[in-house]
Trainee: 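Attaching a single structure in structure tokens format; questions to follow.
Quick caveat: nothing in here was measured; it's all calculated off a predicted structure. By convention in this document, chain letters (A, B, ...) are assigned in the order of the sequence lines, proteins followed by strands, and residues within each chain are numbered from 1.
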Amino acid sequence: MIAIREINEVGFVGQMPEQDTQQQVRAATGRVLVNRENRETVGEITVDHPRMTCRDVNVWYGDKHAIKSVSLDVGRNEVIAMIGPSGCGKSTFIRCLNRMNDTIEGCRITGAITLDGIDIYGKNIDVVPLRAQVGMVFQKPNPFPKSIYENIAYGPRIHGMAANKAELDEIVETSLIKAGLWNEVKDWLGQPGTGLSGGQQQRLCIARTIAVNPEVILMDEPCSALDPIATAVIEDLIDELREQYTIVIVTHSMQQASRVSQRTAYFHLGDLIEVGSTPQIFTNPSHQLTEDYITGRFG
Amino acid sequence: MRKFFTLMAVVFLMIALFGSASAGSGRDYINIVGSSTVYPFATVVAEQFGKSTSFKTPKIESTGSGGGLKLFCAGVGVEHPDITNASRRIKQSEFDRCAQNGVKEIIEVKIGYDGIVLANSKKAAPLKLTRKDIFLALAKDVPDPKGGEALIPNPYKTWKDVNPSLPDKAIEVLGPPPTSGTRDAFVELAMEGGAKSFTWIKAMKKKDKKAYKAICHTVREDGAYVEAGENDNLIVQKLEANPNALGIFGFSFLDQNLDKVQGSYVDAVEPTFENIAEGQYPVSRPLFFYVKKAHVNVIPGIKEYLVEFTSNKAWGPEGYLSEKGLIPMPDTERKEFHDSVNALSTLTSLK
Amino acid sequence: MSPTTLIIILLVLSTFGYYVGRRRALVVGCDSAGVKNLHSRPIYYGSLTALCCGIPAMLLFGFWLTFESTIMTNLVVSELPEALQNLPTAELNLQVNKIRNLVDGNIVAGVVEAEIQAAADHYRNLQATSNAALAVAAISVAILGLMIVRAKITPLLRARNRVEQIIRYMLIACSTIAIFTTIGIVLSVLFESIRFFNAVPIAEFLFGLEWSPQMAIRADQVGSSGAFGAVPVFVGTLLISAIAMCVAVPIGLMSAIYLSEYANKTFRAVAKPLIEILAGIPTVVYGFFAALTVAPFIRDSGDLLGLGVSSESALAAGAVMGIMIIPFVSSLSDDFINAVPQALRDGAYSLGATQSETIKNVILPAALPGIVGGVLLAVSRAIGETMIVVMAAGLAANLTLNPLETVTTVTVQIVTLLVGDQEFDSPKTLAAFALGLLLFVVTLLLNIIALKVVRKYREQYE
Amino acid sequence: MNNAHPNGISPARKKERTLDIVNRGLGKRYRAERRFRCYGLLAIVVSMVFLSLLFISIVGKGYSAFLQTFVKLDVFLDPEILDEQSLATADYQGLVKKSLRGMFPDVAGRRDKRMLYRMVSSGASFQLRDLVLTQPDVIGQTLPVWVPADDDVDMLIKGHFDRNVDEGQRRLKDKQLAWIDQLSSEDRIKKKFNTTFFTAGDSREPELAGIWGAVAGSFFTLVVTLVLSFPIGVAAAVYLEEFAPKNRWTDLIEVNINNLAAVPSIVFGLLGLAVFLNFFGLPRSAPIVGGLVLALMTLPVVIIASRSALKAVPPSIREAALGVGASQMQMVAHHVLPLALPGMLTGAIIGMARALGETAPLLMIGMVAFIVDIPTGFTDPATALPVQIYLWADSPERAFVERTSAAIMVLLVFLITMNAAAVILRKRFEKRW
């Protein structure tokens with residue numbers, strides 16, 4: 001197959017500066033796409049009783065076509081991982097799920113994304129409750145320049161979730177407990193959140209998200225700025241959170257994806273190449289691109 | 001690099017040009033300072049003088065009579081002013097100070113009269129005051145209204161308190177600071193005049209002149225008298241905005257703004273051109289300027305400026321100064337000063 | 001030869017030196033093994049020659065001009081007849097002025113006496129001689145410099161380093177001017193202030209509650225009591241500044257928020273420069289506006305409400321000053337709001353905060369230190385603002401916090417105390433310098449704090 | 001929405017779904033949102049209102065100053081009065097008066113005559129003099145001459161005086177009004193463009209006053225300021241940004257510069273008074289002193305702007321230059337400075353604009369005098385445009401209010417042009433690295 005050879009050829013350019021790689025890969029896959037007339041995703045994109053469904057989602061940043069016709073379901077109480085090389089659109093994709101892309105100028109989205117059967121890009125949909133339901137944790141921990149307590153209490157406070165101080169205290173405590181941070185910070189709740197270590201900050205951000213009691217949590221490479229020990233703590237946390245929440249996690253670490261997720265979706269240059277159960281994707285990928293990526297030929 | 005050199009070269013060129021321009025050139029224009037009351041008259045004369053002769057137009061700074069005399073008396077020489085305007089006569093202390101600094105020959109020129117008016121906005125009714133009212137309203141300490149020869153801090157808040165025939169309005173008077181000749185003349189003519197109506201105060205003049213002056217000349221400082229600077233025009237603007245306030249300024253400002261403000265009657269005399277010229281209006285004072293004789297043949301144009309100022313077309317009854325509000329002197333007085341200026345006769349002592 | 005011609009000649013000479021130096025370098029460089037042998041590029045040899053030719057000559061020229069006038073005057077005076085020479089200095093000075101006017105061809109007053117005319121001719125001669133001497137001296141210095149450098153040019157001469165060294169010294173000299181300015185300011189107000197504090201105790205000045213500097217300036221005049229307590233003046237200044245801030249901070253901050261968070265590009269492109277026009281309007285225009293438009297308006301509206309508003313109310317001056325400061329606050333706040341990282345906004349939005357909640361609870365607290373610094377800078381500007389208060393605020397130093405009353409400010413007092421009356425001995429004029437010192441110190445402290453805060457804030461997000 | 005699935009909240013605290021809680025408070029929150037947004041818009045609207053009020057009030061007061069009322073006189077240039085010897089000093093005023101009397105032969109009495117003479121400006125006689133001096137052959141003819149009307153007449157024609165108020169409260173009396181009406185009906189009154197305003201120096205007569213003297217004063221002052229502050233400012237910025245080692249000395253310089261940028265301008269006036277006037281003995285009221293003071297005041301602005309322009313040049317360019325073996329000085333002169341120059345120029349223009357509008361320090365150094373002659377050099381006594389505005393704001397004549405406003409308009413035109421130039425320069429040369 002010519003297409004695969006093309007990709008194989010670009011495999012080595014991964015060592016070149018990122019920009020060049022992308023351009024080369026784009027050039028290469030330009031040819032790939034011509035050959036791959038049917039761009040349908042390999043694997044089962046649907047699940048029973050999906051929490052969120054995406055159909056034919058396209059995203060443009062100005063002229064740049066960042067996501068190309070992606071369809072994918074997110075099931076209940078599962079952790080679904082998005083993997084793929086840099087710039088493949090996985091972050092863009094999850095930012096569509098709670099309309100964080102709205103804040104980016106020149107971003108245009110087509111297609112349908114539903115949450116519990118309701119189109120979140122529908123005319124009368126309000127982003128505020130949507131985002132309260134679909135929380136998000138970012139690549140770089142971004143605690144507010146306030147105390148730890150205030151960081152957690154911020155969401156419940158603006159949404160009016162606590163009737164009084166005691167309830168708020170309780171929410172803060174449970175959230176911190178769930179995020180596994182309680183024991184570390186319970187005596188320092190008044191200290192600024194920015195004073196914590198990177199891993200703690202990220203868990204603080206997770207706790208902040210949990211405090212609003214969302215139904216879906218989006219995590220955009222939550223461990224990329226952390227060391228392996230902090231990463232391990234977060235991964236354990238994700239595992240625990242799965243009990244109560246639906247989690248969509250973007251990661252460029254395949255190991256992490258295999259450790260925390262039940263399903264994995266592989267993105268490549270804006271296309272969703274393959275979806276499947278995590279063990280299947282990592283042990284027996286159906287698509288050549290997936291296999292190349294997983295086996296480390298590029299990425 | 002080359003650009004940098006060019007830049008540097010230009011800088012040096014400029015600095016050198018300035019240097020050469022400022023080094024060693026003489027002053028060829030008259031430098032006048034002094035009263036803000038005389039300023040409008042002096043500037044008109046200066047302008048006429050500049051336009052009708054080949055001399056440069058004098059430079060005139062408005063510094064107030066006190067400040068002007070101080071600068072004037074600082075010494076003889078190009079760096080000191082040649083002429084100072086004053087809205088009152090030079091005082092003995094100033095005269096001595098001048099002499100002490102080498103300014104021994106001073107030519108005194110009286111140019112005319114100016115009424116000091118207490119004016120208020122046309123939106124309110126004109127006030128009919130007496131000098132006694134003015135004294136009682138504005139002095140720092142006034143005779144105890146209960147009688148007796150004691151002084152108490154000024155208790156009056158409204159004009160009605162001062163005199164029941166006056167309106168029930170708060171006393172708010174905008175007037176000049178003590179550096180101003182207008183203020184000097186005002187306290188001397190209006191307040192002292194009013195204070196004299198108390199016989200015991202009048203009697204004090206002979207006994208204890210200093211205490212007498214302190215009573216007559218000290219203006220209250222509790223906010224009823226607002227020192228509004230020497231900017232008479234702004235006072236007029238402010239009066240227009242505030243119908244309750246009175247302003248103290250020269251007649252020329254009243255004359256210019258007759259559509260906005262009106263002068264209060266003082267001792268039943270309205271401040272009009274005629275009344276002041278005839279000496280009816282009690283609060284009017286002469287205006288002067290003083291010239292250093294030592295400068296006369298050195299700084300170009302001083303003599304010619306004096307001629308212009310003392311010409312009939314300037315200070316005469318139909319002269320252009322009267323149009324600006326200066327009240328001309330009687331013919332004999334004008335002639336007297338005209339002659340003394342022509343003869344450059346100097347002030348020997350203050351009679 | 002006039003100084004201007006001389007300067008031009010020196011410049012031409014320097015240019016000539018440049019070519020001589022370059023040429024020499026080429027010749028010297030080629031003498032050995034080609035141009036490559038030269039330490040620096042030929043233009044540096046040229047530049048070095050030009051500098052060594054021009055700078056000493058220019059310095060000589062400068063010194064000459066500085067002292068020329070004094071020396072010549074003395075020479076001329078010594079030639080004057082005894083009678084004139086024996087005049088007191090001041091009158092001699094006048095005669096010299098007359099001579100100078102004659103020399104300059106100005107109109108001269110009165111009759112020109114023969115001896116004065118002679119002196120003027122003498123002066124003119126001297127001037128001609130001096131100019132000629134200066135020309136000869138400067139040109140010879142220039143040529144000498146040129147020759148020396150030219151002779152020194154060898155392939156080993158490190159011309160570039162020397163040129164760069166000279167330029168570096170010039171740059172250093174330029175950068176120290178700021179220090180000299182500060183020293184100049186401090187000295188120029190300090191000496192007079194010390195004299196003032198000799199007359200008025202410093203504690204009385206700083207803590208006195210009464211300000212009434214209108215002392216009698218002559219012995220026979222009865223002035224006011226002459227109290228020099230700066231507290232009312234400062235309270236007045238702070239009152240007006242506070243009013244200004246009450247106008248400027250909310251409006252400036254809210255406009256900055258709207259422009260940076262809500263407005264679309266076109267709106268921003270139009271509104272931002274328009275707001276900034278407010279900062280470009282000279283303060284004298286604001287003063288005129290305040291005195292003639294705003295103050296009467298406030299006064300009239302006060303009357304409608306049955307309030308007694310002074311026609312020189314602090315409110316009018318403060319409000320107009322606030323308008324002036326709006327763009328200052330808004331553009332600084334804009335900078336700081338834009339400096340808040342997008343990640344913080346994302347964090348808040350992802351929790352479901354509305355835009356205003358994000359702004360109020362996340363962006364503003366994050367930008368607060370910067371904004372506070374900016375506001376402090378604005379306060380220091382308000383305190384030092386002069387023309388608006390000179391034209392619209394009063395002179396009466398009332399110790400009050402009522403914005404409807406008249407108050408006075410430090411700058412108003414400086415202007416009224418100093419404009420015109422220039423003699424440096426009464427506490428009245430000296431008080432202006434003490435106030436100037438106080439003003440300088442207060443704004444200095446404010447600026448230092450503000451700049452520290454701002455810098456710290458900038459580092460936080462850099 | 002589908003609420004069938006248990007969402008795992010601890011059974012102890014039975015909680016509603018987030019969505020419901022959020023939706024409940026949403027209306028209130030959106031109202032707050034809209035309110036907040038409105039405040040923002042309001043703030044901008046308020047600033048715009050202030051700006052337009054300012055402009056409207058000034059333009060409304062001042063636009064009429066660009067026109068001036070002229071009166072046509074038929075002047076007989078009497079050879080008896082104008083003899084050859086004293087053409088420059090002849091009684092031109094008399095000629096003007098005579099022609100006025102000729103037009104209104106029935107005016108009698110000193111008072112009335114005076115009122116009549118007051119109708120035309122005192123500048124009329126100088127205008128006649130200039131006419132005769134330039135064209136001596138007109139002597140003996142009767143010429144129609146347009147002379148400027150007096151400021152009161154001017155104000156009336158422009159509608160600034162209300163002619164319906166009581167006579168006693170008017171500057172123009174009924175008789176004068178009648179004469180004016182007669183003149184207008186004879187087409188002898190006309191409003192023409194006021195060239196005097198742009199070509200004359202200060203004057204006590206509003207109809208003869210112009211801003212040219214002040215503009216020239218401002219020009220000389222700004223030349224001094226520019227020549228001193230720009231090169232020195234750029235040199236200082238280059239040193240501090242490119243060469244200075246980081247030590248206490250340069251720290252001190254930095255702190256100084258930042259402080260000086262925020263020191264009140266009046267303090268610079270005090271500096272000028274003490275140092276330039278009293279210590280160096282430079283002349284009062286001279287543009288050179290004004291320029292020096294303003295240069296010191298603008299210097300920090302120029303330095304700060306130049307430094308940020310230098311900072312904006314990316315280090316990669318410096319490294320590239322150093323990498324090919326340029327010396328530090330060469331790197332700066334050949335690469336950094338040319339790239340930063342537009343930014344520096346922008347800063348300089350803004351600094352100049354600020355200096356042009358500055359008044360307070362000039363008050364301290366005596367540039368507030370009455371000066372009629374147009375300054376021709378750096379040491380001539382001069383005033384500056386903003387100071388002229390300050391002086392005119394003080395003048396008693398009503399006609400000066402419109403002239404003040406007109407002078408403000410001229411000043412604003414200058415300032416807006418300069419700022420626009422700075423903006424254009426920035427736009428034109430702005431590089432995104």
Trainee: Quick one: of D/Leu299, D/Ile416, D/Leu260, D/Val267, who has the most non-hydrogen atom pairs under 4.5 Å with chain C?
Mentor: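 Option with the greatest count: D/Leu260.
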
Trainee: With a 4.5 Å cut-off on heavy-atom pairs, point out which of C/Leu439, C/Val247, C/Val294 contacts chain D the most.
Mentor: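 Maximum pair count with chain D is reached by C/Leu439.
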
Trainee: Checking heavy atoms, do the side chain of C/Thr443, its backbone, both or neither come under 4.5 Å from chain D?
Mentor: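 Side chain of C/Thr443 only, per the 4.5 Å heavy-atom cut-off to chain D.
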
Trainee: If you take all heavy atoms of D/Gln388 and D/Ala214, which pair is closest and at what distance?
Mentor: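 Nearest pair, atom of D/Gln388 first, then D/Ala214: CB-CB, 3.7 Å.
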
Trainee: Using a cut-off of under 4.5 Å for heavy-atom pairs, which of D/Thr404, D/Val387, D/Val423 has the most such pairs with chain C?
Mentor: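 Ranked by heavy-atom pairs under 4.5 Å with chain C, first place is D/Thr404.
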
Trainee: Which one, C/Lys360, C/Arg168, C/Arg381, leads in non-hydrogen pairs under 4.5 Å with chain D?
Mentor: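 With the most close heavy-atom pairs to chain D, the winner is C/Arg168.
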
Trainee: Compare every heavy atom of D/Ser47 with every heavy atom of C/Ile251, then report the nearest pair and how far apart it is.
Mentor: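 Result for this residue pair: CG2-OG, 3.5 Å.
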
Trainee: To the nearest 0.5 Å, how far apart are CE in D/Met367 and OH in D/Tyr390?
Mentor: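 The CE atom of D/Met367 sits 15.0 Å away from the OH atom of D/Tyr390.
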
Trainee: Top residue by heavy-atom pair count (under 4.5 Å) with chain D, among C/Val285, C/Leu253, C/Ile323, C/Leu377?
Mentor: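 Looking at each of C/Val285, C/Leu253, C/Ile323, C/Leu377 in turn, C/Ile323 comes out on top.
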
Trainee: Restricting to non-hydrogen atoms, name the atom on D/Ala236 and the atom on C/Ser175 that form the minimum distance, rounded to 0.1 Å.
Mentor: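 Looking at all heavy atoms of both residues, the shortest contact is CB-CA, 3.5 Å.
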
Trainee: Nearest 0.5 angstrom please: D/Ile303 CD1 to D/Thr298 OG1, how far?
Mentor: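 Here the interatomic distance stands at 10.5 Å.
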
Trainee: Can you tell which part of D/Leu42 gets under 4.5 Å to a heavy atom of chain C, answering side chain, backbone, both or neither?
Mentor: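 For D/Leu42, there is no contact with chain C at all, as no heavy atom is under 4.5 Å.
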
Trainee: Where does D/Met418 contact chain C at under 4.5 Å (heavy atoms): side chain, backbone, both or neither?
Mentor: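 Neither part, no heavy atoms under 4.5 Å.
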
Trainee: Which atoms of C/Leu274 are under 4.5 Å from chain D, going by heavy atoms: the side chain, the backbone, both sets, or neither?
Mentor: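 Both backbone and side chain.
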
Trainee: Looking only at the side chains, is there a donor atom on one of C/Asp334 and C/Ser331 sitting less than 3.5 Å from an acceptor on the other?
Mentor: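 Short answer, no.
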
Trainee: Which bit of D/Leu411 is near chain C, if near means a heavy-atom gap under 4.5 Å: side chain, backbone, both or neither?
Mentor: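 Just the side chain, heavy atoms under 4.5 Å.
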
Trainee: Checking heavy atoms, do the side chain of C/Ile359, its backbone, both or neither come under 4.5 Å from chain D?
Mentor: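 Looking at C/Ile359, just its side chain touches chain D.
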
Trainee: Measure C/Ile185 against the heavy atoms of chain D and call it side chain, backbone, both or neither at under 4.5 Å.
Mentor: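 For C/Ile185, backbone and side chain are both near chain D.
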
Trainee: Name the option with the most non-hydrogen atom pairs under 4.5 Å to chain C; the candidates are D/Asn419, D/Val46, D/Leu54, D/Ile257.
Mentor: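 Heavy-atom pairs under 4.5 Å are most numerous for D/Leu54.
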
Trainee: Where does C/Ile177 contact chain D at under 4.5 Å (heavy atoms): side chain, backbone, both or neither?
Mentor: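 Answer is side chain: those atoms of C/Ile177 sit under 4.5 Å from chain D.
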
Trainee: Is chain D contacted by the side chain of C/Ala353, its backbone, both, or neither, given a heavy-atom distance below 4.5 Å?
Mentor: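 The backbone, not the side chain.
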
Trainee: With a 4.5 angstrom heavy-atom cut-off, is it the side chain or the backbone of D/Ala353 that approaches chain C, or both, or neither?
Mentor: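 Contact with chain C: none, neither part.
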
Trainee: Which of the residues D/Ile350, D/Leu412, D/Val22, D/Leu41 is involved in the greatest number of heavy-atom pairs with chain C at under 4.5 angstrom?
Mentor: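 It is D/Leu41.
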
Trainee: Using a 6.0 Å cut-off, check whether atom CZ of D/Arg29 has over 12 heavy atoms from anything other than its own residue.
Mentor: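 Check passes, neighbour count above 12.
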
Trainee: For C/Ile257, is it the side chain, the backbone, both or neither that has a heavy atom under 4.5 Å from a heavy atom of chain D?
Mentor: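 C/Ile257 touches chain D through side-chain heavy atoms alone.
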
Trainee: In chain order, what residues pass the salt bridge (charged side-chain N to carboxylate O under 4.0 Å, His left out) check against D/Glu402, with sequence neighbours excluded?
Mentor: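 Partners of D/Glu402 under the salt bridge (charged side-chain N to carboxylate O under 4.0 Å, His left out) test: D/Lys158.
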
Trainee: Judged by atom type as modelled, is there a donor-acceptor pair below 3.5 Å linking the side chain of C/Thr293 to the main-chain atoms of C/Ala290?
Mentor: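 Answer holds: no.
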
Trainee: Looking at C/Thr386, C/Ile179, C/Asn161, which one has more heavy-atom pairs under 4.5 Å with chain D than the rest?
Mentor: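 Top option by heavy-atom pairs under 4.5 Å: C/Ile179.
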
Trainee: Please check if the side chain of C/Gln355 supplies one atom and the backbone of D/Glu33 the other of a donor-acceptor pair under 3.5 Å.
Mentor: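 It does not hold such a pair.
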
Trainee: Heavy atoms only, distances under 4.5 angstrom: which of D/Tyr30, D/Phe50, D/Tyr39 has the most pairs with chain C? Name it, please.
Mentor: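 Option with the top pair count is D/Phe50.
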
Trainee: Go through the atoms of C/Arg160 and report whether side chain, backbone, both or neither lie under 4.5 Å from a heavy atom of chain D.
Mentor: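 Only the side chain of C/Arg160 comes within 4.5 Å of chain D.
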
Trainee: Are C/Tyr262 and C/Phe267 close enough that their ring centers fall under 6.0 Å?
Mentor: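 That pair fails the under 6.0 Å test.
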
Trainee: Please rank D/Leu415, D/Ile44, D/Val45, D/Val275 by heavy-atom pairs under 4.5 Å with chain C and give me the top one.
Mentor: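 Max contact count across the listed options: D/Ile44.
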
Trainee: Can you tell me if D/Phe414 has over 12 outside heavy atoms packed within less than 6.0 Å of its CZ?
Mentor: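 No, the 6.0 Å shell around CZ holds no more than 12 heavy atoms from other groups.
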
Trainee: Please classify the contact of D/Pro300 with chain C as side chain, backbone, both or neither, using a heavy-atom distance under 4.5 Å.
Mentor: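 It is neither, since no heavy atom gets under 4.5 Å.
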
Trainee: I'd like to know which of C/Gly436, C/Pro273, C/Gly384 tops the heavy-atom pair count under 4.5 Å against chain D.
Mentor: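 Ranked by contacts with chain D, first place is C/Gly384.
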
Trainee: Between D/Phe276 and D/Ile365, is there a side-chain heavy-atom distance shorter than 4.5 Å?
Mentor: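 No, too far: nothing below the 4.5 Å cut-off.
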
Trainee: Indicate the atoms forming the closest heavy-atom contact of D/Ser327 with D/Gln330, along with that distance.
Mentor: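 Closest pair (atom of D/Ser327, atom of D/Gln330, distance): N-OE1, 2.8 Å.
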
